[in-house]
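Attaching a single structure in structure tokens format; questions to follow.
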Amino acid sequence: MTSNLDPAIAARLKRSPDGLVPAIAQQYDTGEVLMLGWMDDEALHRTLTTGRCTYWSRSRREYWVKGDTSGHVQLVKSVALDCDADTVLVKVDQTGAACHTGARTCFDADVLPLGR
């Protein structure tokens with residue numbers, strides 16, 4: 001699929017074999033890690049240009065905008081690439097739950113014990 005992503009940004013991305021990069025959503029003011037989604041070039045372009053997080057669903061093979069069906073919108077505050085350009089960090093203002101289970105974050109229900 002062709003994308004309108006800025007070619008200079010597209011040239012920097014290191015994608016998985018299926019053309020995706022992981023995208024971490026983080027609450028911009030508290031630093032709370034909310035969820036991990038997947039983006040291809042077009043999802044990243046839409047995220048950068050619309051101000052709302054757009055992800056690629058690997059199971060449904062389609063784009064989805066966070067909050068379109070749930071109302072739990074992610075308003076984009078900033079987008080950054082990590083040092084290897086293989087992960088995207090999207091700082092957002094999250095409305096309601098970020099997790100599909102209805103929880104605020106996807107990372108609070110299954111905290112693993114440390115073996116120290």
So, using side chain to side chain contact (heavy atoms under 4.5 Å, CB included) as the criterion, who are the partners of S70 when residues are at least two apart?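 Once residues adjacent in sequence are excluded, the partners of S70 under the side chain to side chain contact (heavy atoms under 4.5 Å, CB included) criterion are H72.
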For D40 versus Y63, what's the shortest heavy-atom pair and its separation?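 Taking every non-hydrogen atom into account, OD2-OH, 2.7 Å.
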Set of salt bridge (Lys or Arg N to Asp or Glu O under 4.0 Å) partners for R60, sequence neighbours left out: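 Here the qualifying residues are E62.
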Inter- and intrachain pairs under salt bridge (Lys or Arg N to Asp or Glu O under 4.0 Å), touching residues 67-80, at least two apart: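 Counting only pairs at least two positions apart or across chains, the salt bridge (Lys or Arg N to Asp or Glu O under 4.0 Å) contacts touching residues 67-80 are R52-D68.
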First locate atom CG of L81, then atom CG of L89, and finally report the distance between them rounded to the nearest 0.5 Å.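 Spacing of CG (L81) from CG (L89) equals 9.5 Å.
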Distance, nearest 0.5 Å, that separates NZ of K66 from OG1 of T95: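 Result: 10.5 Å between the selected atoms.
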Closest approach of C53 and V92, non-hydrogen atoms and distance?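 Between these two residues, the closest heavy atoms are SG-CG1, 3.7 Å.
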Provide the full list of salt bridge (Lys or Arg N to Asp or Glu O under 4.0 Å) pairs with a residue in residues 81-105, sequence neighbours left out, each pair given once.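 As it turns out, the salt bridge (Lys or Arg N to Asp or Glu O under 4.0 Å) pairs with a partner in residues 81-105, which skip direct neighbours, are E32-R104.
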For R46 versus T54, what's the shortest heavy-atom pair and its separation?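 Answer, listing the atom of R46 first, then T54: CB-OG1, 3.6 Å.
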Quick one: pull up CG in N4 and CD in E42 and give me the separation to the nearest 0.5 Å.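 Reported value, rounded in 0.5 Å steps: 5.5 Å.
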Intermediate values then yes/no, side chain to side chain contact (heavy atoms under 4.5 Å, CB included), L36 and C106: CA-CA 8 Å; L36 176 111; C106 293; over 6 Å; no
Judged by modelled atom types alone, do Q94 and Q74 share a side-chain donor-acceptor pair under 3.5 Å?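 The answer is yes; a qualifying pair exists.
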Could you list all the salt bridge (Lys or Arg N to Asp or Glu O under 4.0 Å) pairs where at least one residue sits in residues 5-30, not counting sequence neighbours?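 Listed once each, the pairs are R15-D41.
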Between V90 and V76, is any pair of side-chain heavy atoms under 4.5 Å apart?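 Side chain of V90 against side chain of V76, heavy atoms only: contact under 4.5 Å found.
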State plainly whether one hydrophobic cluster holds both M39 and M35, where clusters connect Ile, Leu, Val, Met, Phe, Trp and Tyr through side-chain heavy atoms under 4.5 angstrom apart.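 Yes, M39 connects to M35 through the hydrophobic network.
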Restricting to non-hydrogen atoms, name the atom on I24 and the atom on T87 that form the minimum distance, rounded to 0.1 Å.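 Smallest heavy-atom distance, with atoms named: CD1-CG2, 3.9 Å.
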Going by the ring pair (Phe, Tyr, Trp, His ring centres under 6.0 Å) test, which pairs reach into residues 17-55, not counting sequence neighbours?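 Checked against ring pair (Phe, Tyr, Trp, His ring centres under 6.0 Å) - neighbours excluded - the pairs reaching residues 17-55 are Y55-W64.
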What heavy-atom pair brings V88 and V79 nearest, and what distance separates the two atoms?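 Smallest interatomic distance, heavy atoms only, reads CG1-CG1, 3.6 Å.
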Honestly curious: do L44 and L34 fall in one hydrophobic cluster under the side-chain, below-4.5 Å linking rule?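 Same cluster.
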